[in-house]
Amino acid sequence: MKTSRFHLSTVKETPADAEVISHQLMLRAGLIRKLASGLYTWLPLGLRVLRKVENIVREEMDNAGALELLMPAVQPAELWEESGRWEQYGPELLRLHDRHQREFCIGPTHEEVITDLFRREIKSYKQLPVNYYQIQTKFRDEIRPRFGIMRAREFIMKDAYSFHTDQASLQQTYDVMFQTYSRIFDRFGLKYRPVSADSGAIGGSKSHEFHVLADSGEDAIAFSDQSQYAANIEMAEAITTQQRAEPRQSCQMVDTPDMYTIEEVSEFLSVAPTQTVKTLVARGEGEHKLIALVLRGDHELNPIKAEKQVGGLASPFQMADPAEIKQALGCDIGSLGPLGMNIPVYVDRSAAALSDFVCGANKNDKHYTGVNWERDLPQPTVVDMRNVMDGDPSPDGQGQLSIVRGIEVGHIFQLGDKYSAAMDASVLDENGKALVTTMGCYGIGVSRVVAAAIEQNHDDSGIIWPQSLAPFQLAICPINYQKSDEVKQAADAFYQQCLEQDIDVLLDDRGMRPGVMFADMELIGIPHRVVFSERGLKQQQCEYKGRCDESSQDIDLDQLPDFIHQQLTS
RNA sequence: CGGGGUGUAGCGCAGCCUGGUAGCGCAACUGCUUUGGGAGCAGUGGGUCGGGGGUUCGAAUCCCUCCACCCCGACCA
């Protein structure tokens with residue numbers, strides 16, 4: 001490709017409404033343009049990247065025996081009513097009417113459609129297992145689309161759905177998909193981690209997320225430094241090895257004037273925050289309107305775990321209103337404590353392991369010191385409801401946890417018979433009896449991968465594409481292309497050679513000054529660059545620089561093809 | 001949905017408080033010079049100042065209203 005025939009539209013200044021780096025760079029490099037909130041046009045340059053992602057996904061899915069098909073984006077409401085999700089899904093589902101006032105939605109996902117297709121097409125256990133996939137546009141009417149393509153309303157997803165006669169078969173396909181995803185992300189050339197998204201409480205691992213690691217990621221993931229354990233922090237179990245010590249202090253109420261935060265109280269009383277507890281009050285549903293949750297002072301509540309483990313909490317999880325708390329408990333939220341609390345109290349494992357601790361006295365400006373479970377207040381109801389922290393012991397007993405941030409780009413899931421039962425997707429078994437199938441589903445956020453790749457790999461000059469995703473592998477920058485026949489001939493000849501070898505090459509024939517060419521090629525992240533100049537040609541040389549190299553190197557012209565071949569394949 | 005903010009040329013912004021000829025930088029276009037890190041000079045084009053309504057002799061500017069976009073949204077105990 002020559003720049004003169006390509007829509008290369010780079011921008012020097014960062015658009016004001018782009019917050020995250022990937023969004024800024026995608027706009028500046030001319031990969032996308034915004035149409036409306038959460039809706040983007042893929043420009044030719046961006047589409048090239050998107051296609052590379054798609055092709056890798058497609059090749060690996062095909063290799064894994066999955067069958068590609070393509071389902072409509074617009075789906076009839078009847079199917080969603082059948083699965084029960086027309087009611088459940090809420091405002092994220094974009095609903096519309098056709099001219100006959102029949103109801104439709106734009107698909108945020110395709111379980112209903114594939115299940116409907118399956119039940120019409122597949123009749124016998126002999127045809128199972130099958131795994132269908134598509135690469136297709138989804139629409140989710142996000143409350144707040146943001147971060148450009150990262151959380152767009154319309155986006156491209158690879159979604160796959162498998163059908164099985166039994167759990168063992170599902171597990172087998174699930175394992176194959178796990179390996180396939182690992183291969184796909186290996187081929188992307190991105191640093192990633194599969195994490196269990198459903199470990200602990202339920203047992204087994206029925207769901208894994210694939211995260212691209214990047215500091216700006218929205219998710220926190222915890223992984224062991226000594227084992228394969230890795231989980232989304234939403235799910236990661238916090239275990240406590242500490243045993244509760246015998247009481248040594250007596251329980252006393254002390255003055256803590258105007259002290260409301262753990263920080264203030266622990267500093268004032270000269271005790272470590274780890275020796276204090278904090279008491280949060282959440283909304284309950286049913287019998288108790290308020291429920292107290294007690295955590296060690298330095299810990300954070302994990303609402304997802306709390307909701308699962310604490311009985312009677314309102315769903316979705318909600319903190320109680322401070323005014324409501326004051327009315328019910330008689331003090332401000334900074335002075336709450338489990339001692340003398342007249343609402344149900346649940347205690348996190350770590351807080352339950354404390355002795356001689358500090359807590360609020362349920363009176364403003366007062367705290368208790370030297371508090372002990374069983375002695376001063378009843379043996380608590382213990383649950384696991386805090387976020388794990390860096391350095392916590394790994395739940396599998398091997399090593400310590402580290403916390404890193406990640407961007408969720410893949411998710412594989414064992415669905416069971418949720419849809420197949422609701423929609424009667426069954427086959428005849430060996431005895432001629434109807435058998436409800438078991439399903440798995442497997443997604444990759446294709447467009448999000450593009451943003452995640454940039455989020456992980458960029459520098460001050462712009463995007464740094466991994467080889468496999470780059471829109472072009474090689475940039476040819478001839479200096480004085482319009483004026484020097486010598487330069488033009490050398491650049492054109494090499495360009496031609498590259499084309500013949502099927503190299504994705506971009507020749508900058510705009511005749512721009514070198515600084516402009518270099519800045520553009522770096523901004524759009526081309527991994528390799530060759531410069532032709534009169535100066536170099538006099539020595540029968542040109543210049544090569546990798547996108548991340550500190551400096552360039554001179555290459556003899558007769559060795560250039562071999563050298564480039566080597567760079568591209570290494 | 002609640003709170004905050006912003007809408008002025010393709011992009012980034014000033015002007016608004018204190019009403020009176022709509023500006024700057026980048027980008028674009030033309031010409032000349034320049035060609036190893038976002039060039040210089042000279043010139044050109046491009047705006048119903050987000051929409052509607054009002055106040056006024058006169059509104060980008062003041063008032064009302066609608067819209068779009070962006071940010072934040074329960075860790076505080």
Side-chain angles (χ1 to χ4, degrees), chain A residues 9-20 23-24 27-28 30 33-39 90-91 142-148 256 259-266 273 276-283 292-303 306 316-322 324-326 329 331-338 341 348 351 358-364 366-367 385-387 389 460-462 477-484 487 508 510-523 529 531-537 542-543 545 551-552 554:
Chain A
S9 58
T10 55
V11 180
K12 252 194 267 188
E13 272 163 313
T14 303
D17 53 5
E19 181 77 357
V20 295
H23 188 196
Q24 293 173 357
L27 289 169
R28 284 192 52 208
R33 290 289 181 254
K34 184 168 76 175
L35 176 65
S37 178
L39 303 176
E142 295 275 351
I143 306 174
R144 187 148 84 84
R146 59 185 135 174
F147 308 149
T256 49
M259 306 284 164
Y260 296 107
T261 67
I262 288 291
E263 211 172 59
E264 287 164 359
V265 170
S266 59
T276 67
V277 302
K278 59 178 167 188
T279 306
L280 314 180
V281 179
R283 287 233 162 82
L293 307 173
V294 177
L295 295 159
R296 207 171 78 183
D298 59 322
H299 286 152
E300 277 184 5
L301 176 69
N302 179 324
F317 182 87
Q318 263 192 320
M319 296 299 286
D321 187 66
E324 195 181 344
I325 293 172
K326 182 150 193 181
L329 303 174
C331 69
D332 286 316
I333 54 176
S335 303
L336 296 172
M341 182 67 76
D348 183 67
V358 173
C359 67
N362 299 314
K363 271 186 197 165
N364 282 2
K366 302 282 183 193
H367 278 73
M385 59 178 174
R386 73 171 172 93
N387 277 338
M389 302 201 310
D460 291 344
S461 305
C477 297
I479 293 171
N480 229 343
Y481 183 84
Q482 313 271 30
K483 291 276 173 67
S484 164
V487 168
D508 196 337
R510 296 175 295 177
M512 301 289 245
R513 296 165 62 87
V516 178
M517 287 191 288
F518 297 164
D520 274 347
M521 294 306 141
E522 282 162 12
L523 175 60
R529 182 183 82 193
V531 176
F532 290 97
S533 67
E534 288 183 304
R535 198 176 73 190
L537 290 174
C542 65
E543 177 194 293
K545 184 174 175 297
S551 54
S552 57
D554 294 327

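Within every chain, numbering begins at 1; the chains are lettered A, B, ... in the order of the sequence lines, protein sequences first and strands thereafter.
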Watson-Crick or G-U counterpart of rG25(B), or none if no pair lies under 3.5 Å: rC11(B)
Would you mind classifying the nucleic acid contact of Asp17(A) as base, sugar-phosphate or nothing, using non-hydrogen atoms under 4.0 angstrom? sugar-phosphate
Base, sugar-phosphate or nothing for Tyr260(A)? Non-hydrogen atoms, less than 4.0 Å. sugar-phosphate
For RNA chain B, note the earliest and the latest nucleotide, 5' to 3', having some atom under 4.0 Å of a heavy atom belonging to chain A. rC1(B) to rA77(B)
So what does Ser533(A) hit on the nucleic acid, given a heavy-atom distance under 4.0 Å: a base, only sugar-phosphate, or nothing? base
Over all strands shown, is Lys483(A) touching base, sugar-phosphate only, or nothing at heavy-atom distances under 4.0 angstrom? base
Give Arg28(A) one of three labels, base, sugar-phosphate or nothing, depending on what nucleic acid heavy atoms sit under 4.0 Å from its own. base
Among Lys278(A), Met319(A), Met385(A), which residue satisfies the side-chain contact (heavy atoms from CB on, under 4.5 Å) criterion with Leu293(A)? Met385(A)
Which is true for Arg510(A) with a 4.0 Å heavy-atom rule: it touches a base, it touches only sugar-phosphate, or it touches nothing? nothing
With a 4.0 Å cut-off on heavy atoms, is Ser335(A) in touch with a base, just the backbone sugar-phosphate, or nothing at all? sugar-phosphate
Look at all strands and tell whether Leu301(A) reaches a base, only sugar-phosphate, or nothing, counting heavy atoms closer than 4.0 Å. base
Sugar-phosphate only, base, or nothing, as touched by Ala519(A) at under 4.0 Å among non-hydrogen atoms: base
Quick check on RNA chain B: between Glu13(A) and Gly536(A), whose nearest nucleotide comes earlier from the 5' end? Glu13(A)
Is Ile143(A) touching bases, backbone alone, or none of the nucleic acid, heavy atoms closer than 4.0 Å? base
Looking for any heavy atom pair under 4.0 Å, which part of the strands does Met512(A) touch: base, sugar-phosphate only, or nothing? base
Determine the contact category for Ser37(A): base if any of its heavy atoms lies under 4.0 Å from a base atom, sugar-phosphate if only primed atoms, P, OP1 or OP2 are that close, otherwise nothing. sugar-phosphate
Applying a 4.0 Å non-hydrogen cut-off, can you work out what Asn387(A) is touching in the nucleic acid: base, sugar-phosphate, or nothing? nothing
Applying a 4.0 Å non-hydrogen cut-off, can you work out what Glu534(A) is touching in the nucleic acid: base, sugar-phosphate, or nothing? nothing
